[in-house]
Amino acid sequence: MAIVTFYSANYSLTPRPDAINDVLGHDLAEWLRTELHERGYDVSEVIGEDYGYGFHLMLNRSHYWITTGQYEPPGFEGHAESRWLVGVDFDPGCLWMWRLFARPSPSDKREITQAIHLLLSTVPSITTIEWWERDVRH
């Protein structure tokens with residue numbers, strides 16, 4: 001899984017009424033989903049999980065799971081803003097048959113992470129963007 005973290009005050013610190021375990025990140029997931037959709041990516045609706053929120057992105061017949069959530073709250077280690085997390089992983093979900101017919105390409109994952117990086121980089125209030133996987137290049 002490719003993971004990126006960053007600091008921002010853009011996203012709500014109040015759990016939604018439908019949040020599982022009071023997790024945060026729905027508005028981050030909706031923003032990211034909308035931006036990727038506007039750039040031509042095939043994306044599903046955002047759904048809640050017990051660790052955050054996520055949506056599927058399909059690229060070249062492979063399904064990727066894009067996750068979002070709060071990584072650290074404001075005030076953690078002296079940072080005034082929350083640290084947020086976005087993850088990208090090959091995951092056909094319940095569609096296990098897709099594993100037989102479509103194999104993820106490293107170039108697809110790179111394309112998705114580069115698109116996410118570009119989106120994060122263009123927002124001035126998003127700072128300290130840090131990727132946690134060696135083979136993701138930006």
Side-chain angles (χ1 to χ4, degrees):
M1 174 181 276
I3 295 174
V4 62
T5 58
F6 58 90
Y7 291 94
S8 180
N10 290 2
Y11 309 106
S12 177
L13 299 177
T14 304
R16 290 172 45 101
D18 65 343
I20 302 169
N21 298 331
D22 288 337
V23 296
L24 303 173
H26 184 273
D27 47 349
L28 169 57
E30 279 293 344
W31 171 77
L32 190 59
R33 180 204 166 280
T34 299
E35 293 294 326
L36 290 168
H37 179 70
E38 288 177 3
R39 283 153 182 78
Y41 289 96
D42 181 8
V43 292
S44 69
E45 295 300 315
V46 171
I47 60 172
E49 294 288 351
D50 59 352
Y51 53 82
Y53 290 87
F55 59 91
H56 278 103
L57 182 149
M58 188 169 169
L59 181 62
N60 297 325
R61 296 183 50 211
S62 291
H63 290 82
Y64 295 86
W65 180 237
I66 313 298
T67 59
T68 64
Q70 184 188 52
Y71 188 64
E72 296 169 349
F76 188 82
E77 294 187 357
H79 291 279
E81 300 172 329
S82 286
R83 190 174 191 188
W84 299 92
L85 174 141
V86 175
V88 178
D89 198 17
F90 170 68
D91 182 3
C94 298
L95 306 173
W96 62 270
M97 289 293 289
W98 276 104
R99 293 181 192 268
L100 302 175
F101 300 113
R103 295 283 182 211
S105 167
S107 63
D108 289 348
K109 190 173 181 182
R110 201 167 314 122
E111 178 183 335
I112 296 166
T113 59
Q114 287 174 348
I116 291 170
H117 187 81
L118 180 62
L119 288 170
L120 297 174
S121 300
T122 59
V123 179
S125 57
I126 290 177
T127 62
T128 319
I129 300 168
E130 185 175 7
W131 286 90
W132 296 82
E133 184 173 300
R134 292 177 209 223
D135 65 347
V136 176
R137 297 184 185 139
H138 303 287

Closest heavy-atom pair, Ala29 versus Thr68, reported as atoms and distance to 0.1 Å, is CB-OG1, 3.3 Å
Under a 4.5 Å cut-off applied to non-hydrogen side-chain atoms, are Asn10 and Ile126 in contact? yes
(message) Quick one about Asp50 and Asn21 (side-chain donor to acceptor, distance below 3.5 Å, no hydrogens or angles considered), yes or no?
(response) no
**Study point:** Student check: side-chain heavy atoms of Phe6 and Thr127 closer than 4.5 Å
**Key:** no
Quiz item: Going by heavy atoms in the side chains, are Ile20 and Glu49 under 4.5 Å from each other?
Solution: no
- prompt: What about Met1 and Tyr71, same hydrophobic cluster or not, with Ile/Leu/Val/Met/Phe/Trp/Tyr joined at side-chain heavy-atom distances under 4.5 Å?
  reply: yes
Q | Side chains of Val4 and Thr113 in contact at under 4.5 Å (non-hydrogen atoms) | A | no
* Same apolar cluster (I L V M F W Y, side chains within < 4.5 Å links), Val123/Leu119 -> yes
Pair Glu81-Ser8, side-chain donor/acceptor within less than 3.5 Å
no
Q. Taking side chain as C-beta onward, heavy atoms only, is Tyr51 less than 4.5 Å from Thr67?
A. yes
- prompt: Same cluster or not: are Leu85 and Tyr7 linked, directly or through other Ile, Leu, Val, Met, Phe, Trp or Tyr residues, by side-chain heavy atoms under 4.5 angstrom apart?
  reply: no
Closest non-hydrogen atoms of Ser12 and Asp27, given as atom of the first, atom of the second and distance, are N-OD2, 2.7 Å
Verify ring pair (Phe, Tyr, Trp, His ring centres under 6.0 Å) between Phe90 and His63, making sure each step is shown before the conclusion.
-> CA-CA 6 Å; Phe90 170 68; His63 290 82; 8.2 Å; no
Closest non-hydrogen contact found for Tyr41 with Glu111 is OH-OE2, 2.9 Å
Self-check item: Gln70/Val23 under side-chain contact (heavy atoms from CB on, under 4.5 Å): CA gap, chis, key distance, verdict
Solution: CA-CA 8 Å; Gln70 184 188 52; Val23 296; over 6 Å; no
Looking only at heavy atoms, the pair that brings Met58 and Arg61 closest together is CE-CA, 3.5 Å
**Message:** I want to check something: taking the side chain as every heavy atom from C-beta on, are Thr5 and Trp131 in contact at a cut-off of under 4.5 Å?
**Reply:** no
Do NZ/NE/NH1/NH2 and the carboxylate oxygens of Glu130 and Arg83 come within less than 4.0 Å?
yes
- Would a 4.5 Å heavy-atom cut-off, applied to side chains only, mark Leu24 and Pro15 as touching? yes
Tested for side-chain hydrogen bond (donor to acceptor under 3.5 Å, both in side chains) against Arg33, the lone hit among Glu38, Glu45, His56 is Glu45
### Message
Test of understanding: clusters of I, L, V, M, F, W, Y form through side-chain heavy atoms closer than 4.5 Å, transitively. Do Leu13 and Leu32 belong to the same one?
### Response
yes
What one should report as the nearest heavy-atom pair of Gly54 and Trp65 is C-CH2, 3.4 Å
Residues pairing under ring-ring contact (aromatic ring centres under 6.0 Å, His included) where one sits in residues 9-39, two or more places apart or in two chains, turn out to be Tyr11-Trp84, His26-Tyr53
Nearest heavy-atom approach of Val86 to Ile66 is CG1-CG2, 4.1 Å
